[in-house]
Amino acid sequence: QVQLVESGGGLVQPGGSLRLSCAAAEIIFSSYYMAWYRQAPGKEREMVARITREGNTYYVDSVKGRFTISRDNAKSAVYLQMNSLNLEDTAVYYCNSIPPRDSWGRGTQVTVSS
């Protein structure tokens, strides 16, 4: 059973924007925290943004001021608006709860390149 489906990635030039979407099964979406993670080539997966059920957000320094996480509780969906993208944002992006469930989605590839 598919529990996490990410979409919205693509190829974008530096300075561009993308909006990622994640459809989550209710059993995962009901977690207190939902988050976006990313894994760049040759690097470990890292959390970049999280949001509570009440909508409180947290961002790692590298994306603060550029990325915005949001959620739609009626749709069990989480979003990541990414602006001012740079080369270092190139990665596969995943959503999951905190702590993350063992089963991850396939992720969505974001490539920032000129």
Side-chain angles (χ1 to χ4, degrees):
Q1 181 179 359
V2 177
Q3 297 190 315
L4 290 162
V5 180
E6 299 92 351
S7 62
L11 174 64
V12 63
Q13 292 185 339
S17 298
L18 285 172
R19 185 174 188 251
L20 307 184
S21 299
C22 169
E26 184 58 29
I27 191 171
I28 299 177
F29 193 78
S30 62
S31 302
Y32 186 71
Y33 290 110
M34 286 297 295
W36 281 97
Y37 301 76
R38 69 184 179 188
Q39 187 166 20
K43 296 187 177 180
E44 293 188 355
R45 188 177 292 163
E46 63 168 343
M47 187 206 71
V48 296
R50 71 175 188 226
I51 187 167
T52 68
R53 286 198 210 105
E54 295 82 12
N56 297 313
T57 59
Y58 167 83
Y59 304 90
V60 295
D61 286 346
S62 59
V63 308
K64 197 175 296 182
R66 302 188 297 120
F67 290 11
T68 303
I69 188 171
S70 60
R71 63 191 290 164
D72 185 332
N73 292 335
K75 297 181 179 179
S76 295
V78 185
Y79 307 99
L80 187 68
Q81 176 66 43
M82 305 187 297
N83 299 325
S84 301
L85 285 161
N86 57 52
L87 300 179
E88 290 70 36
D89 296 319
T90 294
V92 180
Y93 284 72
Y94 304 86
C95 68
N96 210 323
S97 57
I98 299 177
R101 300 291 178 125
D102 290 340
S103 179
W104 292 79
R106 298 179 65 177
T108 185
Q109 175 71 49
V110 172
T111 303
V112 184
S113 175
S114 55

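- Between T108 and G9, the shortest heavy-atom contact is OG1-N, 2.9 Å.
- Of all heavy-atom pairs between Y59 and A49, the closest is CD2-CB, 3.6 Å.
- Both V78 and V60 belong to a common hydrophobic cluster when Ile, Leu, Val, Met, Phe, Trp and Tyr are linked at side-chain heavy-atom distances under 4.5 angstrom.
- In terms of heavy-atom proximity, E26 sits nearest to S76 at OE1-OG, 2.8 Å.
- For K75, the NZ atom is loosely surrounded, since the number of other residues' heavy atoms within 6.0 Å does not exceed 12.
- Smallest separation of non-hydrogen atoms from Y37 and S97: OH-O, 2.7 Å.
- For the pair T90 (side chain) and V112 (backbone), a donor-acceptor distance under 3.5 Å is present.
- For R106, the CZ atom counts as loosely surrounded, since its 6.0 Å shell holds 12 or fewer non-hydrogen atoms of other residues, nucleotides or ligands.
- Considering all non-hydrogen atoms of both residues, C22 and L4 come closest at SG-CD2, 4.0 Å.
- Put simply, CZ on R71 and SG on C95 are 11.0 Å apart, with the number rounded to the nearest 0.5 Å.
- Taking the six-membered ring where the residue is Trp, the centroids of F67 and W36 are separated by 6.0 Å or more.
- Between Q39 atom CD and Y94 atom OH the span is 5.5 Å, to the nearest 0.5 Å.
- Atoms OH and CZ, on Y33 and R50 in that order, are 4.5 Å from each other to the nearest 0.5 Å.
- Side-chain atoms of M82 and L20, non-hydrogen and from C-beta on, do get closer than 4.5 Å to each other.
- We find the CG-OG1 distance between L80 and T68 to be 8.0 Å, quoted to the nearest 0.5 Å.
- Proximity of P14 to L87: side-chain heavy atoms (C-beta onward) are separated by under 4.5 Å at one or more points.
- Taking a cutoff of 4.0 Å between a charged side-chain nitrogen and a carboxylate oxygen, E46 and R38 qualify as a salt bridge.
- Of the inter-residue distances, the one linking Q81 atom CD with I69 atom CD1 reads 12.5 Å to the nearest 0.5 angstrom.
- M34 and I28 make their closest contact through SD-O, 3.6 Å (heavy atoms, listed as atom of the first residue, atom of the second, distance).
- With a 4.5 Å cut-off on side-chain heavy atoms, V12 and S17 do not count as touching.
- Counting only heavy atoms from C-beta outward, the side chains of I27 and R101 approach each other to under 4.5 Å.
- You'll find the side chain of Y32 stays beyond 4.5 Å of the side chain of I98, heavy atoms only.
- Cluster membership for Y79 and F29, using ILVMFWY side-chain heavy atoms within less than 4.5 angstrom, is not shared.
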